[in-house]
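Just below is one structure, and these are the notes that go with it.
This is a predicted model, so every value here is computed, not measured.
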Amino acid sequence: MLKCEESLEVNRSLLNPNFEGYKLSLDALPKYHTRLPTGVDVVELREDQYSVHHIRTFGLTNHLVLDAWNGDAVYFIDQHWNVRELKVTIDSQLDSPRTVFTIPDASTKRSQQRLNPSFVFLSADFCILSDGMGQLFILSTANRGASDAPKWKILWKGGIDESSVHSIIQHARLRKNGALSGAENPVMVDCLLLHIDKEESTSTDENLGKNLQETGFVTIMEWISFAQDSNDGSFHIHQCRRIKGKAAPLYAAVEETGQAVYLAGEGQYEIILDSLKPVQKEKEKKDEEKETDEEDEKDPVYTWTQTLEDVTLTFTVPQGTQKSDINFVLTPNKLQLEVKNAVTLLEGPLFRDVDVQMSTWILEGRKILTPMGKTMGPLAPLTVRC
């Protein structure tokens, strides 16, 4: 996974020299009370969900969902899997909760092992919802918040894979790809689904002299990108990526253009699967980088130094090279150096003329030195013209 680092600098043009500081209001915050016809759907952690990752991810759930496009409404899921809307009608009163959507198959799924359902508003007209049982829904929420608004409509539903992993929505974002310019997929939806899996690893006990199997937990995030068809408005999965980390993230969000994911947490995270292209494993990357570094550390084909009087090239040749294997041709304005059964080491016009009578070549082990006398004194920026 690519890593980016940004330095934050002060933009002094944004500073207001007349700013006198913030003033706190002494007015009491408004309080609203209402009696719910049924309780909120809450899933408690099971005995096998004992790790700190489970507690951080699933144990601290806010069951109230705010609407950034409608500040007077709040939403929750009740014990019958109804998504309920609560609206402030006047300054001191909440309207009765209204059912705007019912999650399918509530009667059969609610009694099974599952996670808390979760949903995120993507825009004024769209919402994405996970039932905590492996099913994901993209919903149309047209006229959301209005008293006569219709019930939410399912635009897409399905699982992320055949296993239907139980997940919660960590973050979701809607982005528009040039809807006015007739783009094939004018609307894209990116969703991060998070779940925690068991992972077995092998360690060696030096005292017992044998390998031990250890069971730990890893965090998996499914990064799913949906595309909307410009003709009928339906959605389909465009790309699936899987991110793996040792610990549950403290913060995770899709970047606004959908090209990256922001992650803050303990340990490293890496993409281990991409539906559109093969993913190189971290070990393979390190081995490739090591090979590249080793190649970079190898001797260059030649190096050169110069003074006001001469210029000297030093070549590296294969082990066992003899003087009879070397073909060295020098004219005042051209150089050619070849080794038998090997590639030409250097051939081309010289940047400045040399004095052939004051030039020679020497073989020392695996090094060929070619001191060449200059006909002009000034230093040259290179030896052979490209």
Side-chain angles (χ1 to χ4, degrees), residues 1-13 239 241 255 257-262 268-274 276-386:
M1 181 181 296
L2 296 179
K3 300 176 183 178
C4 300
E5 293 184 1
E6 293 288 342
S7 59
L8 303 180
E9 299 179 358
V10 176
N11 185 352
R12 298 191 178 278
S13 64
Q239 186 176 11
R241 283 154 286 192
E255 186 261 342
T257 66
Q259 302 300 309
V261 170
Y262 297 121
Q268 298 291 324
Y269 297 89
E270 62 175 328
I271 295 179
I272 61 173
L273 181 145
D274 191 325
L276 296 185
K277 58 183 179 181
V279 174
Q280 193 175 28
K281 294 182 179 180
E282 195 68 26
K283 185 179 183 300
E284 294 174 352
K285 286 183 181 179
K286 290 180 179 179
D287 292 343
E288 190 175 279
E289 291 173 357
K290 183 178 179 181
E291 290 177 2
T292 303
D293 292 341
E294 289 175 353
E295 290 178 0
D296 292 341
E297 290 175 359
K298 292 180 180 179
D299 292 335
V301 175
Y302 77 94
T303 60
W304 67 286
T305 59
Q306 66 174 326
T307 66
L308 292 175
E309 291 78 24
D310 58 43
V311 56
T312 301
L313 281 70
T314 303
F315 295 85
T316 301
V317 295
Q319 187 71 35
T321 300
Q322 305 293 323
K323 286 186 177 183
S324 58
D325 299 328
I326 297 170
N327 178 33
F328 180 78
V329 179
L330 181 66
T331 66
N333 56 15
K334 186 177 179 181
L335 180 147
Q336 179 182 358
L337 178 61
E338 298 176 336
V339 177
K340 185 179 179 180
N341 299 326
V343 296
T344 300
L345 297 181
L346 186 62
E347 181 179 11
L350 297 172
F351 187 82
R352 286 187 180 142
D353 290 354
V354 297
D355 186 345
V356 177
Q357 299 299 324
M358 297 296 293
S359 305
T360 185
W361 63 272
I362 305 167
L363 176 63
E364 295 181 351
R366 292 188 57 199
K367 301 293 183 182
I368 298 178
L369 283 73
T370 62
M372 298 179 292
K374 291 182 178 181
T375 58
M376 299 177 62
L379 298 178
L382 46 88
T383 54
V384 176
R385 295 182 185 273
C386 298

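- In this structure D274 satisfies the side-chain hydrogen bond (donor to acceptor under 3.5 Å, both in side chains) test together with Q239, sequence neighbours excluded.
- Atom OG1 of residue T370 and atom CG of residue L330 lie 8.0 Å apart, to the nearest 0.5 angstrom.
- Taking both residues in full, the closest heavy atoms of S359 and M372 are given as OG-CA, 3.2 Å, listed atom of the first, atom of the second, then distance.
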Steps toward side chain to side chain contact (heavy atoms under 4.5 Å, CB included) verdict (L345, V339): CA-CA 7 Å; L345 297 181; V339 177; 3.7 Å; yes
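- In terms of heavy-atom proximity, V354 sits nearest to T331 at CG2-O, 3.9 Å.
- Between the side chains of E338 and Q336, at least one donor N or O lies within less than 3.5 Å of an accepting N or O.
- Put simply, CD1 on I362 and CG on L369 are 6.0 Å apart, with the number rounded to the nearest 0.5 Å.
- Taking CZ of F315 as the reference point, atom CG of L337 lies at 5.0 Å (rounded to 0.5 Å).
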ask   = Run the side chain to side chain contact (heavy atoms under 4.5 Å, CB included) check on W304 and V311 step by step: do they pass?
value = CA-CA 7 Å; W304 67 286; V311 56; 3.7 Å; yes
What do the steps show when you test T321 against I326 for side chain to side chain contact (heavy atoms under 4.5 Å, CB included), and what is the final call? CA-CA 8 Å; T321 300; I326 297 170; 4.1 Å; yes
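- Here the CE-CG distance, from M358 to D310, works out to 8.5 Å after rounding to the nearest 0.5 Å.
- Between the OG1 atom of T314 and the CZ atom of R366 there is a distance of 13.5 Å, given to the nearest 0.5 Å.
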Open item on the list: For a side chain to side chain contact (heavy atoms under 4.5 Å, CB included) check, start with the C-alpha distance between W361 and K323, then their side-chain angles and the critical distance, and finish with the verdict.
Closed with: CA-CA 10 Å; W361 63 272; K323 286 186 177 183; 4.2 Å; yes
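- Considering only heavy atoms from C-beta on, P371 comes within 4.5 Å of T312 through its side chain.
- With hydrogens and angles left out, the side-chain atoms of K340 and Q322 include no donor and acceptor closer than 3.5 Å.
- Of the possible polar contacts, one joining the T307 side chain to the E309 backbone as a donor-acceptor pair under 3.5 Å is found.
- A distance of 10.5 Å separates CD in Q306 from CG in L313, rounded to the nearest 0.5 Å.
- By the side-chain hydrogen bond (donor to acceptor under 3.5 Å, both in side chains) test, T257 pairs with E255, sequence neighbours left out.
- Residues meeting the side-chain hydrogen bond (donor to acceptor under 3.5 Å, both in side chains) test with T305, sequence neighbours left out: none.
- Between T316 and K367 there is a side-chain heavy-atom pair separated by less than 4.5 Å.
- The closest side-chain heavy-atom distance from L346 to L335 is below 4.5 Å.
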